[in-house]
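The figures here come from the full heavy-atom set of this structure, side chains too, leaving out hydrogens, waters and symmetry mates.
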Amino acid sequence: MRKNIFLLVGFLIIFFFSLPILSERWERESQSRVVELVVDWNDLEWVGKTEGVDPLLLAEELKKEGFNSLGISELTWRQLVSQGRAVPVAPSPFSSPILRYFQISDPLLREAVKTHLLLLGKEVEEKGEILGVNILYEEEDKIGVGWDYRILQALQEQGFRLILRPYNRYNIPPSVLESLLEEKAWEMTEGIIFSGDSVLGAPRTDSLRFLSSFLEEKGLFWGYLEFVGQKGETTLASLAPHFTLRAHSIPPEELKGYTPGEARDRFLRAVKERSVPILYLRLFTDPPAFESWEKNLSYLLSVKKELVDNGYTPGEVSVPSTSFSPPLYSLLFFSLALSFFAFYLWGSFFRPSFWIIPLCFIPLAGLIFYNPLWGMRVLGLLAGIVYPTSGVIILIDAISSGKGKLQSLGWAFMTLFSGALTVSMGLYHWLFLLRIYQYWGVKVSLIAPPLFVLFYLFKKSYWGVSIQQVLLEDLKRFELLIVAFLGIAALLYLTRSGNFPLLPAGGLETRIRSLLERLLFMRPRTKEFLIGYPALWLLFYWDKDKVRPAYSLILWLGVSVGFATFFNSFCHIHTPFLYILLRFLNALVLSLPVAVIYIVVIKLALFLWQRIGRWGERGHSAEN
C-alpha cells in the first residue's frame with residue numbers, strides 16, 4: 001500500500017502540471033485546421049496534351065473549383081527533349097566533341113536554359129537557335145535547366161499561388177546558389193517543395209545556411225516531404241525551423257498501385273493522424289486508374305470534400321511558425337513524478353530503496369537545465385520503459401494474489417495515463433510538432449516492457465516454476481511450436497512498427513483499416529484491440545491456476561505489447577490529443593467483443609480436442 005501512495009502522488013503531480021499545457025495544446029489544435037492543396041502542374045500539362053486540351057484551360061477549371069496552388073517543377077533536359085522543345089541536331093565537323101547540340105526555337109526558353117546552365121558551371125555554346133551543352137545522359141532528369149517563364153507568367157496572371165520545385169546541383173557553393181536564387185522565378189513563388197533526392201544546396205552546410213537566410217528574408221515556406229528522405233532536409237529544417245512545414249505526397253511510381261479512393265484515404269490519414277498542413281497532389285497518368293481529366297478532377301474534388309467533411313479548411317498555409325515549449329518547471333515536476341514511478345518499479349524487482357528517487361531525479365533535472373531538448377528526449381525514453389512496465393506489474397500482483405482485481409485495473413490505467421501525459425505534454429515542443437525532433441527510443445519502448453514483464457513473472461514465482469523448469473521440463477512439444485511462433489510474431493511486431501515496415505500491411509488488412517476509419521473516425525491500434533486488451537480480459541476471465549504457464553506467458557506478453565502500444569500512441573506529438581484519446585477508447589471498447597470471440601473459439605477448440613483428440617487410441621472409439 002505504501003508503494004501505491006507514491007503512484008498516486010506521482011499521478012497527481014503529472015495531472016496538475018499537465019493541465020495548462022493540455023489547455024494550450026487543445027486550443028492550438030482546434031485552430032490549426034487549414035490544409036493547403038497543391039496540384040502538380042507537370043501532371044496537369046501531361047493530361048492536357050494527352051486529351052488535346054490546353055493545360056491552362058484545365059488550370060482555369062481547377063481554379064473555379066477552389067484549387068489555388070500549383071507546384072511548378074524546374075525544367076529538365078529530358079523533359080525538353082521529350083516535348084520537342086529541344087531537338088537534337090548533328091554537330092558540324094568543327095564542333096566541340098564534348099558537347100551535344102540541340103535546336104531550341106523559343107528565344108525566351110533558350111536564354112533561360114543558357115543562363116541557368118552557365119550558373120551551374122556547365123559549358124554552353126550558342127549559334128543562333130542551336131545550343132551546344134555538356135549535359136551527360138545520366139544527368140538529363142537529375143538536374144534542373146531553368147524555368148518556363150511563359151507558363152509561370154500565365155499561371156500567375158490566372159491568380160494561382162506558385163510553389164516552385166527546384167532540382168539540386170550537388171555540392172554547389174553559396175556564391176552559385178546566390179546567383180541561382182536571383183533568377184526571376186524566385187520573385188514569383190510563395191513556397192518551395194524540392195524535387196529529386198536532395199534539397200537545394202545539399203550537402204554543403206554553408207549553402208544550406210544561405211538558403212535558410214533566403215527563406216527568412218523572402219518569407220517563403222519549404223515543404224519537408226514525409227517518408228522521402230531528401231539529402232540535407234534535416235539540416236535545412238534545423239537551420240530554418242520557423243519556415244519549415246511538413247508536406248505529404250504519393251510519388252508517381254507508388255501512385256500506380258493505388259485507386260483514387262485509396263489515395264484519398266491516405267491523404268486524409270496524413271492530415272488527421274499527423275497534422276500535415278500541405279498535401280501535394282499528383283494526378284493519375286497511367287492506366288487503369290487514368291481514364292480522363294474528369295476522373296482526375298473527381299479524385300481531386302473527393303480529397304477536398306473529405307477534408308471539409310472532417311472539419312478542415314482548404315486554404316493557404318502561412319509562415320513563420322510560432323514557437324512554443326513546455327515550461328521548464330513542468331518538465332522538472334514530470335521528472336520528479338517519473339522518479340516516484342521508477343521507485344515503484346525498482347521495488348518490484350529488488351529491495352525498495354528511497355535512494356532511487358534522487359538517483360533518477362537529479363541527473364534528469366540537471367540534463368533538463370543544461371539542454372532542455374535532450375532532457376525531454378531522455379524523459380520520454382525513460383517514461384516509455386517505466387510506465388507501461390509498472391502498469392502490467394500492478395495487474396500481475398493483483399491476479400497472482402487473487403485480490404483487488406478491479407482496483408488493480410484502475411491503478412494500472414492511472415499509471416498508463418501518467419506516462420501518456422508525461423510524454424504528450426512534456427514533449428509538446430514546436431520542434432517535435434514539426435518532426436524536426438522526434439520521440440527518441442520507439443523500439444526500446446516497444447521491447448523493454450515485454451522483457452521486464454517476462455523477468456518479473458519468474459521473479460514473482462507466478463507459476464511456482466523457474467525459467468529452466470519451463471524451458472527444459474514443463475514445455476510440451478506443441479508448446480515449443482507455440483513458443484517458436486511467438487518468436488516470429490515478436491519479430492514481426494518490431495518490423496511492423498514505424499513508417500517503413502519490412503512486411504507492410506496486406507490488401508485485406510488495408511481494407512479492414514479503411515473500414516474501421518470510416519466507421520470509427522479514428523482507427524484503433526491493432527496491437528491494442530486485437531492483442532493487448534483482449535489478453536487482459538482473458539487473464540481476468542480464467543483462473544490463474546487453470547492456465548498452463550506457456551499460455552499464461554503469451555497472454556501477459558500480449559498485455560505488455562498492448563500497454564506499450566498505448567504509450568507509443570501518445571508519443572505522436574503531431575497527432576491531435578483528442579484523436580489519440582478516441583483511438584484508445586475505440587480500442588478498449590472493441591477489445592470486449594474480440595475477447596468474447598476469443599473465449600468462444602478457445603472453448604470450442606477445447607471441446608473438439610477432448611472429443612477427437614483420443615481418436616485412434618486403443619480401447620477408445622469415436623462414440624465414447
Subject >> cation_pi(Arg25, Phe324) dist<6.0 Å, angle<=45 >> reply: no
Original post:
Quick one: does Glu74's side chain have a donor or acceptor within less than 3.5 Å of a partner on Tyr167's backbone?
Top reply: yes
Subject >> Check: Pro20 main-chain N/O paired with Ser23 side-chain donor or acceptor under 3.5 Å >> reply: no
Original post:
What distance separates Leu255 CG from Asp286 CG, expressed to the nearest 0.5 Å?
Top reply: 8.5 Å
Subject >> Pair Phe267 and His248, ring centroids less than 6.0 Å apart >> reply: yes
**OP:** Please determine if Lys114 and Glu111 form a salt bridge, counting it only when a charged side-chain N lies under 4.0 Å from a carboxylate O.
**Re:** yes
Original post:
What distance do Ile72 atom CD1 and Asp148 atom CG have between them, rounded to the nearest 0.5 Å?
Top reply: 9.5 Å
Original post:
Got a sec: does the OH of Tyr437 have more than 12 other heavy atoms crowding it under 6.0 Å?
Top reply: no
Original post:
Looking at Ser195 and Ser73, what are the two nearest heavy atoms and their distance?
Top reply: OG-OG, 3.9 Å
Original post:
Do His572 and Glu273 have a side chain donor and acceptor closer than 3.5 Å?
Top reply: no
**OP:** Identify the residue among Leu109, Thr76, Ile135 that makes a side-chain contact (heavy atoms from CB on, under 4.5 Å) with Val145.
**Re:** Ile135
Subject >> Distance-minimising heavy-atom pair for Leu431 and Pro241 >> reply: CD2-CB, 3.6 Å
**OP:** Answer yes or no: is there a donor N or O on one side and an acceptor on the other, between the side chain of Ser198 and the main chain of Lys231, under 3.5 Å?
**Re:** no
**OP:** Please determine which of Glu140, Glu138, Glu139 meets the salt bridge (Lys or Arg N to Asp or Glu O under 4.0 Å) test together with Arg78.
**Re:** Glu140
Subject >> Criterion side-chain contact (heavy atoms from CB on, under 4.5 Å) on Tyr170 and Ile143, from CA distance to verdict >> reply: CA-CA 9 Å; Tyr170 195 76; Ile143 63 171; over 6 Å; no
Original post:
Under 3.5 Å, side chain of Ser249 to main-chain N/O of Pro251, donor-acceptor pair present?
Top reply: no
**OP:** Dump the intermediate steps for side-chain contact (heavy atoms from CB on, under 4.5 Å) on Glu190 and Leu162, then the final yes or no.
**Re:** CA-CA 6 Å; Glu190 298 186 54; Leu162 305 182; over 6 Å; no
Original post:
What are the two closest heavy atoms between Ala247 and Gly223, and how far apart are they?
Top reply: CB-CA, 4.2 Å
Original post:
Centroid-to-centroid, Phe160 to Trp41, below 6.0 Å?
Top reply: no
Subject >> Enclosure of Trp46 CH2 (heavy-atom neighbours >12, cutoff 6.0 Å) >> reply: yes
Original post:
Do the side chain of Ser207 and the main chain of Pro203 share a donor and acceptor less than 3.5 angstrom apart?
Top reply: no
Subject >> Separation between OG of Ser424 and CD1 of Ile21, rounded to the nearest 0.5 Å >> reply: 9.0 Å
Original post:
Is there a donor-acceptor pair under 3.5 Å between the side chain of Ser30 and the backbone N or O of Trp26?
Top reply: yes
Original post:
For Ile104, does its backbone N or O pair with a side-chain atom of Arg110 as donor and acceptor, under 3.5 Å?
Top reply: yes
Original post:
Ignoring hydrogens and geometry, is there a side-chain-to-backbone donor-acceptor pair from Asp40 to Leu281 under 3.5 Å?
Top reply: no
**OP:** Take Leu331 and Leu379, measure what side-chain contact (heavy atoms from CB on, under 4.5 Å) needs, and give me the verdict at the end.
**Re:** CA-CA 8 Å; Leu331 295 177; Leu379 175 66; 4.3 Å; yes
Original post:
Has Lys184 got more than 12 heavy atoms of other residues, nucleotides or ligands less than 6.0 Å from its NZ?
Top reply: no
Give the table of side-chain donor-acceptor pairs shorter than 3.5 Å for residues 150-159, with sequence neighbours excluded, one pair per line with atom names and distance.
unit_1 : atom_1 : unit_2 : atom_2 : d
Arg150 : NE     : Asp106 : OD2    : 3.0
Arg150 : NH2    : Asp106 : OD1    : 3.1
Gln153 : NE2    : Glu157 : OE2    : 3.3
Gln158 : NE2    : Leu56  : O      : 3.2

Original post:
Just wondering, do Trp77 and Asp141 contact through their side chains at under 4.5 Å, heavy atoms?
Top reply: no
**OP:** Measure from NZ or CZ of Lys304 to the centre of the six-membered ring of Phe67 and say whether it is under 6.0 Å with the direction within 45° of the ring axis.
**Re:** yes
Subject >> Tyr439 ring center near Phe432 ring center (under 6.0 Å) >> reply: no
**OP:** Answer yes if the side chains of Ser238 and Thr235 hold a donor-acceptor pair under 3.5 Å, and no otherwise.
**Re:** no
**OP:** Give a yes or no on whether the backbone of Ala202 and the side-chain of Asn168 come within a donor-acceptor separation of less than 3.5 Å.
**Re:** yes
**OP:** May I ask you to decide if the ring planes of Trp147 and Trp186 are parallel, tilted or perpendicular, using 30° and 60° as cut-offs?
**Re:** perpendicular
**OP:** Decide whether Arg266 and Tyr258 meet the rule of one side-chain donor and one side-chain acceptor closer than 3.5 Å.
**Re:** yes
Original post:
Closest approach of Phe284 and Ala263, non-hydrogen atoms and distance?
Top reply: CZ-CB, 4.1 Å
Original post:
Sub-3.5 Å donor-acceptor pair from the side chain of Arg165 to the main-chain atoms of Ile193, do we have one?
Top reply: yes
Original post:
Is the distance between the ring centroids of Phe577 and Phe570 under 6.0 Å?
Top reply: yes
Original post:
Does the side chain of Arg525 pick up a donor-acceptor pair with the side chain of Ser569 at under 3.5 Å?
Top reply: yes
**OP:** Cation-pi check, Arg33 to Tyr312: give yes when NZ or CZ is under 6.0 Å from the six-membered ring centre and within 45° of the ring axis, no otherwise.
**Re:** yes
Original post:
What residues, two or more places apart in sequence or in another chain, satisfy side-chain hydrogen bond (donor to acceptor under 3.5 Å, both in side chains) together with Glu216?
Top reply: none
Original post:
Is any side-chain N of the basic residue among Arg274 and Glu226 closer than 4.0 Å to the acidic one's carboxylate O?
Top reply: yes
Subject >> Row check, Tyr137 ring normal vs Arg100 NZ/CZ: under 6.0 Å, within 45° >> reply: yes
**OP:** Salt-bridge test for Arg269 and Asp265: reply yes if a basic N is under 4.0 Å from a carboxylate O, no otherwise.
**Re:** no
**OP:** In sequence, state the C-alpha distance, the side-chain angles, and the governing distance for Arg169 and Lys122, and then conclude on side-chain contact (heavy atoms from CB on, under 4.5 Å).
**Re:** CA-CA 11 Å; Arg169 173 67 173 171; Lys122 290 290 186 180; 3.6 Å; yes
Original post:
Taking all atoms of both residues into account, what is the closest heavy-atom pair of Val319 and Gly219, and its distance?
Top reply: CG2-O, 3.6 Å
Original post:
What's the shortest heavy-atom distance between Ser69 and Glu36, and which atoms?
Top reply: OG-OE2, 2.6 Å
Subject >> Polar side chain donor-acceptor pair, Ser325 to Trp430, under 3.5 angstrom >> reply: no
